[in-house]
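Heads up: the structure comes next, in structure tokens.
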Amino acid sequence: MKLDTELAGIKLKNPTILASGILGNTGEILKRVATEGGAGAVTTKSIGEDARTGHGNATIVDMGKIMLNAMGLPNPGATAFVDEIKIAKEAKVPVIASIFGSSVEGYAAVAKKVLAAKPDMIEINMSCPHAKGHGASFGSDEETAGQVVKAVKKVSGKTPVFAKLTPNVVSISAIAKAVENAGADGITAINTLGPGVVIDVETASPVLSNVAGGLSGEAIKPIAVRCVYEIYKTVKIPIIGTGGVYTGLDAAEMLMAGASAVGIGTAVKDREIDVFSKICKELSDFMERKNYKSVKDLVGLAHRRIQK
Ligand code: DHB
């Protein structure tokens with residue numbers, strides 16, 4: 001079955017998207033995720049104004065299908081990353097540039113720089129749960145979230161701008177409404193949950209060098225589905241549903257909650273680089289079994305079954 005679909009005017013050969021932060025550090029690896037992995041689109045690791053080395057080890061706690069991480073937003077800086085995006089674009093699937101800043105103007109400055117590589121979309125990371133001064137502090141209140149979107153939209157021209165939201169707020173739908181009002185073309189939901197802490201009892205010390213990190217993987221899927229479900233009820237702009245998607249049935253669930261496409265991150269670690277092709281096959285088998293004709297038929301379907 002054909003799984004082609006569309007997201008904010010961008011054509012996708014299938015609805016699976018490499019989520020930011022996983023394998024997105026270079027143009028060559030992004031290209032591989034598209035060509036060997038089968039992803040419908042790929043997202044870069046978040047890019048900032050200046051080069052950052054990130055935190056020392058340990059940066060990841062692997063707990064099977066659950067993961068805690070605090071990389072410290074390592075990246076070579078926006079100017080250096082332009083060439084990586086150009087290389088990624090050789091794979092001929094949409095390339096999404098994830099950006100972060102340390103001020104409203106900083107976000108716009110990074111957007112301006114990465115736009116030189118003509119990414120297909122900009123995703124604003126305003127939701128890293130543990131990076132002090134760079135992340136969720138911008139996406140946790142309606143006013144600041146709106147200001148960041150407005151500043152990026154001012155420089156982005158025709159390139160669609162998505163805001164990646166944190167689940168760690170009282171009302172994600174209020175933030176979603178604020179970014180829509182500010183002109184966002186779409187929303188990615190959700191970033192990692194938390195932050196969380198894991199302590200090694202043998203050494204009586206936190207495992208992560210940063211102590212706290214963002215939680216991802218299968219445990220956060222019901223939270224992600226709830227967030228997407230609430231956001232879909234609140235806004236008209238499209239949603240990339242991200243959080244704990246491992247299988248084609250998980251992808252179907254995310255689409256039914258209201259996502260137009262599905263981000264995949266932690267599952268890449270457990271199901272290899274071709275997790276995208278595997279999920280597409282599983283989704284396609286499910287759609288055939290249930291007689292669904294296209295990805296768009298699934299988007300928001302769970303809302304139609306609820307009595308208001
Ligand atoms: C990092 C950034 C994130 O947005 C996230 O969800 C987890 C980790 C980081 O680079 O530390």
Side-chain angles (χ1 to χ4, degrees), residues 17-25 30 41-52 54-55 59 69-78 81 84-85 95-115 119-141 144-153 155-156 159-169 172 175-176 178-179 182 184-195 210 213-216 220 224 227 239-243 263-266:
I17 300 180
L18 174 72
S20 181
I22 314 278
L23 299 181
N25 296 347
L30 287 162
V42 292
T43 313
T44 69
K45 172 74 183 157
S46 295
I47 307 157
E49 250 181 303
D50 303 311
R52 286 167 62 94
H55 300 313
T59 53
N69 93 90
M71 312 300 293
L73 295 164
N75 80 102
F81 213 85
E84 303 300 331
I85 295 173
V95 176
I96 304 170
S98 169
I99 62 165
F100 72 92
S102 49
S103 65
V104 171
E105 303 75 39
Y107 273 96
V110 177
K112 218 169 163 177
K113 284 186 183 167
V114 300
L115 280 161
D120 297 274
M121 183 192 288
I122 287 185
E123 181 176 273
I124 306 174
N125 180 356
M126 49 171 75
S127 42
C128 173
H130 53 266
K132 287 163 203 78
H134 296 97
S137 51
F138 292 95
S140 299
D141 79 80
T144 316
Q147 282 170 359
V148 173
V149 169
K150 272 193 191 139
V152 172
K153 281 295 287 181
V155 300
S156 60
T159 308
V161 173
F162 275 48
K164 186 164 184 178
L165 302 189
T166 173
N168 312 311
V169 288
I172 197 166
I175 309 282
V179 298
D185 301 286
I187 287 167
T188 306
I190 53 177
N191 206 319
T192 50
L193 194 70
N210 188 56
L215 189 72
S216 62
I220 77 163
C227 289
I239 306 162
I240 302 174
T242 306
I264 294 158
T266 309

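We use all heavy atoms of the structure for the numbers below, so side chains are in, but hydrogens, waters and symmetry mates are not.
P160 approaches D185 most closely through the heavy-atom pair CA-OD2, 3.4 Å. Between A182 and K153, the shortest heavy-atom distance links the atoms O-CG, 4.4 Å. Among all heavy-atom pairs drawn from A111 and I99, the shortest one is CB-CD1, 3.8 Å. The two residues A70 and G213 have their closest heavy-atom pair at CB-CA, 3.9 Å. Shortest non-hydrogen contact noted between P119 and A97 is CB-CB, 3.9 Å. Residues R52 and G72 come closest through the heavy atom pair NH2-O, 2.9 Å.
Annotation: side chain of V104 is in contact with side chain of V148 (closest heavy-atom distance under 4.5 Å). Residues M126 and T166 are not in side-chain contact: their nearest non-hydrogen atoms beyond the backbone lie 4.5 Å or more apart. In this structure the side chain of I190 never reaches within 4.5 angstrom of the side chain of L165, judged on heavy atoms. Between N75 and F81 there is no side-chain heavy-atom pair separated by less than 4.5 Å. Residues I220 and T266 have side chains not in contact (no heavy-atom distance under 4.5 Å, counting atoms from C-beta outward).
Atom CD in E123 sits 7.0 Å away from atom OG1 in T242 (nearest 0.5 Å). For the atom pair CZ of F162 and CD1 of I124, the computed distance is 11.0 Å after rounding to the nearest 0.5 Å. In this structure, CG on L115 lies 5.0 Å from OG1 on T159, to the nearest 0.5 angstrom. To the nearest 0.5 Å, atoms NZ (K45) and CG (N25) are separated by 7.0 Å. Rounded to the nearest 0.5 angstrom, N69 CG and N210 CG are separated by 10.0 Å. To the nearest 0.5 Å, the span separating CD on E49 from OG on S103 amounts to 6.5 Å.
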(request) Begin from the C-alpha positions of I22 and I264 and carry the test side chain to side chain contact (heavy atoms under 4.5 Å, CB included) through to its verdict. (result) CA-CA 9 Å; I22 314 278; I264 294 158; over 6 Å; no
(request) Just do the side chain to side chain contact (heavy atoms under 4.5 Å, CB included) check on T188 and T43 with the steps written out, would you? (result) CA-CA 11 Å; T188 306; T43 313; over 6 Å; no
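Using the six-membered ring where Trp is involved, F100 and H134 have ring planes that are perpendicular, over 60° apart on the 30 and 60° scheme.
Of the listed residues (V179, V152, V155), just one forms a side chain to side chain contact (heavy atoms under 4.5 Å, CB included) with V161, and that residue is V152.
Under the 3.5 Å distance criterion, the side-chain polar atoms of D120 are left unmatched by any main-chain donor or acceptor of I96. Formation of a donor-acceptor pair under 3.5 Å by the N168 side chain with backbone atoms of L193 is not found in this model. At distances below 3.5 Å, not a single donor-acceptor pair connects side-chain atoms of D50 with backbone N or O atoms of G77. With hydrogens and angles ignored, the 3.5 Å screen pairs a side-chain donor or acceptor of T44 with a backbone N or O of S98.
K113 pairs by the salt bridge (charged side-chain N to carboxylate O under 4.0 Å, His left out) definition with nothing, not counting sequence neighbours. Qualifying side chain to side chain donor-acceptor pair (under 3.5 Å) partners for S127, counting only residues two or more places apart in sequence or in other chains: N125, N191.
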